[in-house]
Each structure stands twice: as C-alpha cells, then as structure tokens.
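By convention here, the first residue in the shown sequence is residue 1. Below, all heavy atoms of this structure are taken into account, side chains as well, without hydrogens, waters or symmetry copies. Both counts, for ligands and for their atoms, begin at 1 and track the order of listing.
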Amino acid sequence: MKPASVPTLENPGALIDDNFAVAASQYAGLLKNINGADKLPRTFEHGKLVLIDYKDWTSGFFPGSLWLIYEHTRESRWKRAALDYTRRVASAAKLTDSHDLGFMLYCSHGHACRLTRGREHREVLIEGARSLASRFNPAARTLRSWDHGADRWRHPVIIDNLMNLEYLLWAARETGEPRYREIAIGHAHQTLAHHFRQDGSCYHLVDYDPESGVPVLKETYQGYANESAWARGQGWALYGYTMLYRETRNPLYLRQAHASARFIRTHPRLPEDRIPLWDFDVPSAPVPPRDASAAAIIASALIELADYSEPDIAQRYRELAWRQLVSLSSPAYRAAPGENGGFILKHSTGNLNRNSEVDVPLNYADYYFLEALSRLKKA
Ligand code: GLY
C-alpha cells in the first residue's frame with residue numbers, strides 16, 4: 001500500500017494542494033513584479049515580464065487564475081487581488097473588434113459573478129455578450145474571428161472561437177434573450193460541419209463566404225501546416241464540444257468530444273510525459289518545443305468529459321489527464337520558487353510561426369492548469 005501522502009488519481013488531494021500552494025507563492029511574487037502598473041501579466045519572455053491591457057485576448061486569464069486560487073484557499077487577499085485585476089478587464093465589454101470576449105470576460109467577470117454574485121460583473125458580462133454577438137454572420141451562422149487579414153479572408157473562423165459559446169449560453173439564460181443561444185448553436189453546428197477531418201482532428205481556420213455562408217478555405221495560421229494538427233487547436237476542440245455537451249446534451253457534440261479525445265490520446269507522437277509537441281505533425285528535428293498550455297487545456301477537458309463517459313473510457317481519460325497534471329507538476333514543467341517571472345508553468349508555445357512566445361510561460365497555461373486541478377478536486 002502506498003503511503004497516504006503520495007498523490008494518486010484516486011487520492012489526488014496532495015497534488016492539488018501542493019500546486020495551489022505553489023500558485024499562491026508564485027503569484028504573490030508576480031503581483032510584486034507587476035510593481036503597481038495598471039496592467040495584467042501575459043508572459044515572461046527574454047527575461048522580461050510582458051504586461052498587457054484589457055484589449056489583449058489573454059487579459060481574462062490572470063484574474064481568472066486569481067479567482068481559482070481564491071476559491072481554493074478562501075483567503076481574502078486573493079479575493080481582493082482577483083477583484084482588482086478583474087476590474088482592469090471591464091472595458092473589454094465595449095469591444096466589437098475582437099472575438100475573444102469569452103476568454104477576456106467570462107474567465108474574469110464570469111468567475112467574479114459566480115463567486116460574489118456582484119451585479120456590476122453581471123452588467124459587464126451582458127454588455128460584453130451584446131458586443132460579441134455583433135460579430136455573428138447569419139449566412140455563415142458563425143461569429144467572425146479576426147478583422148485582420150481582410151486581403152486573404154472574408155469571414156475567418158478559428159477553432160478557438162468555440163470557447164465563446166459557454167459565455168453566450170450563459171447570456172441566453174441570464175437575459176432570457178434566445179438570440180444568444182441561437183448564435184451559440186449556429187456556431188457550434190457550423191464548426192462541427194466544417195472544421196473537422198475524418199480522423200477527428202481539426203483545422204485551425206475555416207474562411208466562409210459571408211454572403212452565401214459557404215466555406216471557401218481551410219488552413220492554419222498558428223499550426224505547422226494547413227493539414228497538420230496544431231496541438232492547442234485540438235485542445236480547444238475537445239474542450240469546446242465537451243462544454244457544449246454539458247450545456248445542451250446534444251449527442252453529436254459528445255461524439256465530437258470523444259473523437260477529439262481519441263485523436264489526442266491515441267496519437268503515436270504524444271510524448272511519454274503526455275505534454276504535446278506544439279503541433280502533432282511537426283518534424284522531429286530540430287527538437288520541437290512542447291506546448292504546456294495545450295496539455296493543461298486537454299487535461300481540464302478530459303476530467304469533465306470523463307463524467308459523460310462509460311466507466312472504461314472515463315478511466316482512460318482520467319488517467320491521461322492525471323499523467324499530464326503529474327508531468328506539469330514536476331520540475332521539468334513547473335517553475336522553481338521565484339523563477340519564471342512568477343508564472344507557474346514553463347514550456348508553452350504561443351505562436352511559433354511568428355517566433356512569438358516560444359517555450360515560455362503563458363497566463364492561459366496557468367489558468368487551465370488551475371482549472372484542471374479545481375475540477376479534479378470536485379470530481
Ligand atoms: N486564441 C489564440 C491561441 O490559442 O493562441
């Protein structure tokens with residue numbers, strides 16, 4: 001019999017507690033490193049802390065992580081910090097030129113609303129949902145992702161955009177306005193129809209004709225190749241359809257979640273430590289960087305998907321998520337005290353094609369890591 005202190009999938013408490021203690025210690029340092037700037041941390045690159053404002057697509061993750069630390073510890077200092085950083089994102093509710101409002105607002109004000117019931121957070125969320133809905137194209141029945149690249153794409157939709165739909169389904173319930181649900185279901189339906197390949201993997205980007213609504217181009221922007229499987233994109237797809245099944249109970253969404261999970265879990269190039277290469281199809285030489293953020297997203301999604309699965313497959317999902325979380329908790333991926341700019345996880349890849357944020361910490365890797373641990377605690 002193992003000593004009680006050794007964490008296992010059946011008895012994960014010590015791993016969860018240890019990681020939240022590390023998160024608290026690292027983030028106390030990160031708050032000091034921010035040094036009074038009225039901004040939010042995104043990464044630590046080339047020896048420098050990168051701070052951003054509310055317009056950045058990642059602005060919601062640091063406040064979201066602070067809320068998750070508060071939820072675990074119930075210490076008022078984390079609630080104060082979470083409120084402070086959540087308020088810094090509020091102006092994002094007025095943005096109509098970004099499709100990332102789900103990440104920005106639902107990961108920050110969404111947790112604030114859930115954990116404090118504060119009216120001001122609900123108001124920010126509802127204004128943001130209205131802004132996000134303005135990006136819906138009724139012919140393509142999807143939310144437009146990017147405004148840049150207008151010379152190449154007319155109505156580009158990236159797989160990440162699925163992550164907005166939980167927010168819109170929340171808005172439909174809160175406001176009683178059915179259009180938010182119609183938008184979310186339209187987007188989920190079209191993405192299911194056009195983003196996926198036979199093997200269960202997904203394209204990064206599908207461009208639609210905004211007049212006819214017909215898909216005209218399928219390609220990548222952040223992945224290795226148009227036909228490759230960009231690791232974080234597979235994570236967004238898995239997470240997205242797992243969440244959509246929770247919200248709708250539509251079995252087609254569950255089927256895609258299982259297909260995404262199967263693609264990842266059985267992929268011959270998933271490394272021994274289960275932290276994906278930044279793209280499943282990238283050549284082996286030179287040694288490609290990993291993407292810890294993809295692992296964190298996948299682990300969080302698998303813990304939820306296990307709840308909707310038959311016992312044998314649920315166990316496989318939990319085992320993969322557990323192996324990922326154990327790897328991420330090891331010194332190979334988790335920062336030594338006071339290092340890594342104050343972030344928790346090392347070795348994520350933002351956009352290798354642009355040589356941007358390669359093998360660095362990222363605020364969203366930390367966020368989904370803490371979310372996965374929180375889900376494991378509740379499982
Ligand atoms: N949403 C952008 C990314 O996953 O890099």
Side-chain angles (χ1 to χ4, degrees), residues 40-43 45 50 52 54-62 64-65 89 92 95 97-108 128 132 135 142-149 153 156-168 187 191 195 201-207 219-225 228-241 243 260 264 275-280 282 288-301 343 345 347-369 371-372:
L40 302 113
R42 171 169 165 144
T43 182
E45 198 178 17
V50 176
I52 42 116
Y54 69 93
K55 291 190 187 128
D56 188 279
W57 79 270
T58 71
S59 61
F61 294 117
F62 182 64
S65 293
V89 187
L95 296 176
D97 61 356
S98 169
H99 80 130
D100 286 312
L101 298 193
F103 289 132
M104 294 148 96
L105 294 169
Y106 203 62
C107 295
S108 56
L132 178 59
R135 300 186 65 78
T142 48
L143 296 154
R144 180 188 174 106
S145 286
W146 296 330
D147 293 351
H148 68 82
W153 310 301
V157 177
I158 60 170
I159 191 70
D160 328 19
N161 202 329
L162 278 177
M163 299 294 283
N164 282 307
L165 307 184
E166 183 175 7
Y167 177 26
L168 291 180
H187 191 105
T191 301
H195 253 87
S201 70
C202 67
Y203 288 94
H204 181 206
L205 182 151
V206 174
D207 189 35
E219 61 181 18
T220 199
Y221 185 73
Q222 275 163 266
Y224 171 67
S228 77
W230 175 50
R232 196 162 53 252
Q234 311 315 306
W236 296 138
L238 168 65
Y239 192 115
Y241 282 100
M243 168 275 293
S260 297
I264 295 165
I275 309 302
L277 307 174
W278 71 277
D279 189 300
F280 282 94
V282 67
R290 302 297 185 86
D291 185 7
S293 77
I297 294 159
I298 291 165
S300 189
F343 290 93
L345 296 180
H347 304 313
S348 288
T349 297
N351 188 345
L352 188 132
N353 294 340
R354 303 204 140 208
N355 199 22
S356 166
E357 299 179 330
V358 179
D359 198 13
V360 294
L362 289 168
N363 57 16
Y364 45 100
D366 285 7
Y367 174 81
Y368 288 102
F369 179 55
E371 185 189 71

J.: Are Arg135 and Asp147 close enough for a salt bridge, meaning some N to O gap below 4.0 Å?
T.: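 A salt bridge is present here (some side-chain N lies under 4.0 Å from a carboxylate O).
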J.: Kindly confirm or rule out an N or O of Asp100 lying under 3.5 angstrom from an N or O of ligand 1.
T.: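 No; the residue has no nitrogen or oxygen that sits under 3.5 Å from a nitrogen or oxygen of the ligand.
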J.: What protein heavy atom is closest to atom 1 (N) of ligand 1, reported as residue, atom name and distance in Å?
T.: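 Looking at atom 1 (N) of ligand 1, the protein heavy atom closest to it is Asp160 OD2, 2.6 Å.
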J.: As an exercise, identify every atom of ligand 1 less than 4.0 angstrom from a heavy atom of Gln222.
T.: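 In order of numbering, the contacting atoms are 3 (C), 5 (O).
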J.: Heavy-atom contact under 4.0 Å between Trp230 and ligand 1?
T.: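 The answer is yes: ligand 1 sits under 4.0 Å from a heavy atom of Trp230.
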J.: Taking the six-membered ring for Trp, are Tyr367 and Phe62 closer than 6.0 Å centroid to centroid?
T.: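 So the answer is no for these two rings.
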J.: Is the centre of the Tyr203 ring less than 6.0 Å from the centre of the Trp230 ring?
T.: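 So the answer is no for these two rings.
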J.: Using a strict 4.0 Å cut-off to heavy atoms of Trp236, name the atoms of ligand 1 that fall inside it.
T.: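 Selected atoms, number and element: 4 (O).
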J.: For Trp236 and Phe103, I'd like to know if the aromatic rings sit close, meaning centre-to-centre distance below 6.0 Å.
T.: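 Yes, the ring of Trp236 comes within the 6.0 Å limit of the ring of Phe103, centre to centre.
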J.: Do Arg290 and Thr349 have side-chain atoms, one donor and one acceptor, less than 3.5 Å apart?
T.: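 Result is no, nothing qualifies.
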J.: What protein heavy atom sits nearest atom 5 (O) of ligand 1, and how far away is it?
T.: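 Looking only at protein heavy atoms, the one closest to atom 5 (O) of ligand 1 is Arg232 NH2, 2.5 Å.
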